[in-house]
Structures are given as C-alpha cells and as structure tokens.
S.K.: 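Have a look at the structure that comes next, please.
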Amino acid sequence: MPPRVRRPAAAPDPSGSWSRIYAVVRRIPAGRVATYGQVAALAGLPRHARLAGYALAGLPDGTPLPWHRVINAAGQVSARREGPGGAVLQRLRLEQEGVRFDARGRVDLETFGWRPRRRS
DNA sequence: ATGCTGACTATGT
DNA sequence: TACATAGCCAGCA
C-alpha cells in the first residue's frame, strides 16, 4: 500500500495550526528561504517543525502560497515520499528567484535565510 | 480511546 | 563530513 497523502479537506480548518503555518509562509519574501522549524516557531508553535512540513505537504497544487521557500535546517530541499517531482519544482522556483545551491544541493542559510524583524 | 506516520531537528558518534 | 537515534505532536484510521 503506497502511503496515502494526507491533504486537508478542500478548506483547511481556518483556526487550526495549519493556517498559522500558512500565514507565516506567506510572509517569506522572494529570494529568501526559511526552515520548517523557523516557520513553526514564528507561527507560535515551537518544536512543531514536522507539523510545518506536514501542513505544506497537504497543500493542493496551485495554492498561491510560496511553499517553495521553506526548506530544512540543513539548507536542503526535503525529499518527498511521493517522488522527486515536487522537490525539483521547488529548487527550480528558488533558483528562479536567485537562490543559489552549491554542488551538494545546499543553500547557504547565512546568505539566503529569511531574517524577519519581528513581524513586518 | 490507541497506534502510526511524517516536505523536522538537535545531538552523539 | 555523514549516518543513527530520540524527541516532537497534530492528524488520521
């Protein structure tokens, strides 16, 4: 049995944790990246890095959210269980915004990491 | 209610 | 540098 994709119902619970995650993701500027843990913390959910990834995994295709700007703490695009497609698209979008990847496929967070100055 | 999973992270070796 | 492990906890069956 292939793992089922958990997707939020067509309309994610507006008052749920996922919405908090999405609200933060929306603030990440183009050309910058944030880590899952960072997004969760900014959403008021420290230690919920996995939830951040979980929430993004459930996004329907075409969602107007810069989900591609969220990567893991190692500076890499996280692999999906469903296949490399999404990860490849993510990297392409980031490079399109000017984010550079090194030979190992990592982004220098010191250079491209988003540093929000308390809300904004 | 219980058990399992995961687009994670910090830590140890 | 890389790999293994434990901790994390919201959803879903």
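Note on naming: letters A, B, ... go to the chains in the order of the sequence lines (proteins, then strands), and numbering restarts at 1 for each one.
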S.K.: What is the distance, to the nearest angstrom, from the CG atom on A:Leu45 to the C1' atom on C:dG7?
M.R.: 17 Å
S.K.: Sequence neighbours left out, what passes side chain to side chain contact (heavy atoms under 4.5 Å, CB included) with A:Ala30? Give chain and number order.
M.R.: A:Arg69, A:Glu97
S.K.: Taking side chain to side chain donor-acceptor pair (under 3.5 Å) as the cut-off, I'd like each qualifying pair that reaches into residues 29-47 of chain A, sequence neighbours left out, listed once.
M.R.: none
S.K.: With a 4.5 Å limit on heavy-atom distance, are the side chains of A:Trp114 and A:Leu42 in contact?
M.R.: yes
S.K.: Using a 4.5 Å cut-off on heavy atoms from C-beta on, say whether the side chain of A:Trp67 contacts that of A:Gln90.
M.R.: yes
S.K.: Tell me, for nucleotides 7-13 of chain B in 5' to 3' order, what letter each nucleotide earns: B for a base near a protein heavy atom under 4.0 Å, S for only sugar-phosphate near one, - for neither?
M.R.: BBS----
S.K.: Considering the options A:Leu94, A:Ile28, A:Leu56, A:Val77, which one meets the side chain to side chain contact (heavy atoms under 4.5 Å, CB included) requirement together with A:His68?
M.R.: A:Leu94
